[in-house]
Amino acid sequence: MKRIFISLFAVAILAESGAVNAETKQIQFEGPVRLKQALNAIEQQGLLADVYWPAVRLVKTDEAAELERKKQNVLMQLAELEAYWRGRRENDKADAAVMLQGQVKGWKLGKQYWGNISIEQARQNLADNPLLPEGSYSLVLSERPENIYVYGLVSKPGKYAFHSGKTVANWLNSVEEQSNFLDGYNKSVASVVSVDEELKANWAYYKQSDIELMPGNILWLGFELNQLPAGYKSLNEDIRGLLSHFVEDTSVRSATNVPVYQVSETPTSKWHWSRRDLSPSYNDYGSVGLLQNPTARMMDEGAFALSYTDMDEYRRYTVNLQLLPWLETTAFYTEFPNRLYSNVPDFSGDNILTDKGFDVKARLWEEGYWLPEVSVGFRDFAGTGLFDAEYVVANKRFGPVDVSLGLGFGRLGTHHDFTNPFCELSDEYCQRESSFGGNGGKVEFDRWFTGSAAVFGGLEYQTPWEPLSVKVEYDGNDYSTDRAGVPIVQDSRWNFGANYQVSDYFDVQLSYERGNTLMFNFSLRTNFSTLNQIKITPDKVVPTQDKRKTSLEEVDWNGMNHTMRKQMAFSGARFAAEEDEVTVYGYHFRYRDSEEAYDRAARVMAAELPDSVKTYNMVDMTLFDPNVNTRIDAGKFKDRVLNKDPGKDVDEFDDLFVRLESPDMPPRGDDSWMLNPENKFTNRYGLKPFLDQSFGNPETFYTYQLGVYAFGRRWLNDNIELFGEVGFNIATNYDDFLFLGDGRDALPPVRTDIRKYVQNDIWLDSAQATYHKRLSQNWFATAYAGYLERMYGGLGAEVLYKPVDSRWAFGLNANRVRKRDFEGGGGFLDYEVTTGFASVYYQMPWLSDSLLQLDFGQFLAKDKGVQVTMQKRFDSGVVAGAYAAFTDVSSEEYGEGSFTKGFFISIPFDLMSVRPTRERVGFTWVPLSRNGGQQLQRRVRLYDYTDDRSPFYNR
């Protein structure tokens, strides 16, 4: 090993081979120096030949006090643990604490602000070429190491001979053959620490990562968390924090050059199960499971699948979404080829029966070393109940074999293997009422976990050939309660199948079930959290000193505005300057992540504005009004982007962007304006396609209308906007409708006669005038009048209270509207109503990236109640949501469906585009639209317009 000590003013270089024959040299730098310059000077001394750069460490040797304090704190905790366990006569654990003390004492540590460094990367990229502040440094060099380090709860810590191709589990099993593990070691998770990162790796019999070690890596095996007393839960993290600044092992064994420990050279086979994708697969019902049965497993958060299954007597269409890490949701339609929708040909013709419903499964706890993963689930819990069932199921994995065992009720319990265990609590659990829910849509809690019970289970085996897994299961359903229109015969409770991954996005499953039936399904899969699209964006401005002006008078403000637009940061930028602050007022329509826009805009300002400007203010504008201000310390920002801030990445700004209330714009003509052109209001127009869809209707399963909207927009001044939209039909099968909604209904037909509206090929969809105004810092208002949507026209207003970065917002809207006629023009019908709501918005910190909205008020049919809307945002920006309206209308008055509910997905358009944009496209699914619980479809919603004040959709 070579060591190079650098002092920026008096540099001593010590070259070392082993521990002797040191050579000392002197290098002089005038003031702070870039890493590239220092490495070039060292290279000229001939000290960088044959260097293994992944193991190079740059240590700031004059900042050892903080690390030494942390080290002593860890040693103190270990000493206290030893005494604690001795006092409890847990001597094996106490001995482990003593062993760890010895390891930590032998570590030489050094403050390392920079991770993996390279002379080639430093020469090419500013991000890899930091400015080294004045001080003393040690550059630890090495040829390619022939060992790794193993520390933690092992009896023989230190250097182990390196062998390639070994996963973490393979390494630990090999180490265990050489060195006993100490009491309390973590049986499930270990850590791999390298120069620039730390990776946690699973290594238990039920879950293993395929992470391999590289030469010079540190393998750390800490305590099982439940083995540590309450006050010491952070001890593992504290020790790993020290290892991120590891320089060398100075223990007696290392100092005396004792040979490294030898372990098995056997690599982990490429066919080993840890190298396979062990994600679960979907069952016949489109949810995670085996064939007929569910399992306790969950997909990764954001997993989304569209499935089709042919089960002979049923054809099932399913949408499945892993909404949260512990919550799986499923919506389905099931067709009955042997049953008609109704016996009235004038109503549904020869269309077959279609049933819709919802499934949900929640994980109670995850799998551990000893405990299985356990989930509870509900099938068809809010539908007609034709497939309703409840279950509790557990899964335990043994390498490539995943075993499940469950207890089912309802349709999953018809084999009646034993008496319902809940009968011991109450006789009401012993019998199950009819499973047909009449109007559907109601959650019938009184049927849950009632009636007969049966055991179900099985296993899924991941074969060495990664695309293929095989399944065997034992069914709890005898099909005696099914209403398929024909008898279903079960010759065997055993089902067999195979799932084949055609690609990362497409699965096909074939199965032989009930001892007599061949079935198949396929699933199209993606993940809303990981969706991404390569973007074409301009290179970021590098704000070097040579571009910077010496005074504000020299700044080309129009040029800066043009550059910001080219950077896609801000459009329509206006600049005001006051003393040592410059404020830009503008709009960013491109980047969903606002920090990307702020970064690019601030770089432009840092490149152009003189050093006398100490503060940048970037004010987001919404509808010609200031919305929110982001303040930046100019000096700190320039240090960060020019890589002068030790330990900080050049693109890391969370600590620099300070969000504040937006300032009022100075009056026109104020001396502070550097650039403030008059607004130029022009006409904007365009076309946008649309696809309206409906599923499960009496006349046909799938109903659609494909068309295009032609829209026009004009601002009259800073506050008033005109907007109009005309719809054109391209293709539709809505003319298949036989029933146009003229039947008796307890409520006014505020929505059910939509079928009369969609018969037009051309129609005026909307035409309205809208007035916008920011009333004060946190209050916003809008008023509007005209043809507000396809079915209603009138006038209304909304106010919103929304503080900056508050999780809470409150709104109020009121509307007086009249129903439009069916011709698609400007006429009206007699029905008139006042509708409006008091709204509460809450971004829930305990349910990541989720927004709850409650609307209390009067709906279009004059029913009163609350609409609950829940939205979940995934990492890609996709938003999935659901809503339900609960009003003073009974389920009998409401009719089929029992209450209004719907689901929607909002997809950022830039997931389909190479250019960034904030535009979105959406899809809404309403299982059945009746008249109760219906809101006006307003085009302008202040919460959406002011999203940047407390970002939910755009971040």
Side-chain angles (χ1 to χ4, degrees), residues 207 279-290 292-305 307 318-332 357-368 371-383 385 387-397 402-413 420-422 425 429 441-450 453 455-458 460 476 527-529 844-852 868-874 880-884 901 903:
K207 189 175 183 181
S279 299
S281 55
Y282 296 97
N283 62 17
D284 295 339
Y285 294 87
S287 56
V288 174
L290 295 173
Q292 291 288 314
N293 295 341
T295 64
R297 298 301 183 191
M298 299 282 175
M299 290 292 185
D300 292 335
E301 183 179 26
F304 177 80
S307 302
T318 308
V319 178
N320 181 278
L321 175 62
Q322 190 70 42
L323 189 63
L324 298 166
W326 51 269
L327 183 65
E328 176 192 2
T329 57
T330 308
F332 65 83
F358 310 96
D359 303 341
V360 66
K361 181 174 68 179
R363 183 171 59 207
L364 301 182
W365 61 79
E366 291 188 77
E367 182 177 12
L371 293 176
E373 186 159 309
V374 177
S375 295
V376 59
F378 304 86
R379 281 186 173 177
D380 201 8
F381 73 99
F387 297 93
D388 70 332
E390 305 82 49
Y391 59 88
V392 179
V393 61
N395 271 69
K396 199 79 185 76
R397 178 175 291 282
D402 195 16
V403 180
S404 66
L405 181 65
L407 179 63
F409 305 84
R411 190 169 180 267
L412 283 173
N420 188 329
F422 293 107
L425 300 177
Y429 287 98
K442 292 190 294 185
V443 180
E444 303 199 20
F445 303 99
D446 54 347
R447 287 216 306 267
W448 286 2
F449 300 102
T450 62
V455 172
F456 65 86
E460 181 170 6
N527 191 296
F528 287 160
S529 290
M844 296 175 285
W846 39 271
L847 203 58
S848 62
D849 291 323
S850 296
L851 172 64
L852 174 67
V868 181
T869 304
M870 181 72 180
Q871 300 181 62
K872 163 67 179 177
R873 181 190 179 279
F874 298 98
Y883 65 88
K901 50 193 169 293
F903 307 87

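Note: hydrogens, waters and symmetry copies are ignored here, and every other heavy atom, side chains too, is used.
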side-chain contact (heavy atoms from CB on, under 4.5 Å) between Phe528 and Leu321: does it pass, once the steps are laid out? CA-CA 9 Å; Phe528 287 160; Leu321 175 62; 3.8 Å; yes
Measuring from [X]:[atom1] to [Y]:[atom2], what's the distance to the nearest 0.5 Å?
X	Y	atom1	atom2	value
Glu390	Thr450	CD	OG1	6.5 Å
Asp380	Tyr285	CG	OH	10.5 Å
Thr869	Tyr883	OG1	OH	8.5 Å
Trp326	Ser375	CH2	OG	11.0 Å
Ser307	Asp284	OG	CG	10.0 Å
Leu847	Leu852	CG	CG	9.5 Å

Closest heavy-atom pair and its distance - [X], [Y]:
X	Y	value
Phe456	Gly476	CB-N, 3.8 Å
Phe874	Gly302	CE2-CA, 3.4 Å
Pro280	Val288	CB-CG1, 3.6 Å

Determine, stepwise, if the pair Phe332 / Asp359 fulfils side-chain contact (heavy atoms from CB on, under 4.5 Å). CA-CA 8 Å; Phe332 65 83; Asp359 303 341; 3.4 Å; yes
Where do Asp300 and Asn527 land on the side-chain contact (heavy atoms from CB on, under 4.5 Å) test, with the steps shown first? CA-CA 8 Å; Asp300 292 335; Asn527 191 296; 3.9 Å; yes
Ionic contact status for Lys872 with Glu301, cut-off 4.0 Å: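 Salt bridge: yes.
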Using a strict cut-off of less than 4.0 Å between a Lys/Arg side-chain nitrogen and an Asp/Glu carboxylate oxygen, indicate whether Lys396 and Glu367 qualify as a salt bridge.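 The answer is yes: the pair qualifies as a salt bridge.
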Does any non-hydrogen side-chain atom of [Y] lie less than 4.5 Å from one of [X]?
X	Y	answer
Asp388	Arg447	yes
Arg379	Leu412	yes
Phe304	Met299	no
Leu364	Val376	yes
Thr329	Asn320	no
Phe903	Phe358	yes
Leu851	Met870	no

Report the residues that fulfil side chain to side chain contact (heavy atoms under 4.5 Å, CB included) with Asn395, sequence neighbours left out, ordered by chain and then residue number. Thr295, Ala296, Arg297, Val393, Asp402, Ser404
Ring centers of Phe422, Phe409 separated by less than 6.0 Å: yes
Quick one: does any side-chain atom of Gln322 pair with a main-chain N or O of Met298 as donor and acceptor, under 3.5 Å?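 Absent.
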Applying side-chain hydrogen bond (donor to acceptor under 3.5 Å, both in side chains), name anything that partners Ser287, two or more places apart in sequence or on another chain.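 Only Asn283 meet the side-chain hydrogen bond (donor to acceptor under 3.5 Å, both in side chains) criterion with Ser287.
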Worked check of side chain to side chain donor-acceptor pair (under 3.5 Å) between Ser850 and Gln871: CA-CA 6 Å; Ser850 296; Gln871 300 181 62; over 6 Å; no
My understanding is that only residues two or more places apart in sequence, or in another chain, count here; which of them pass ring pair (Phe, Tyr, Trp, His ring centres under 6.0 Å) with Phe378?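 Ring pair (Phe, Tyr, Trp, His ring centres under 6.0 Å) list for Phe378, sorted by chain: Trp448, Phe449.
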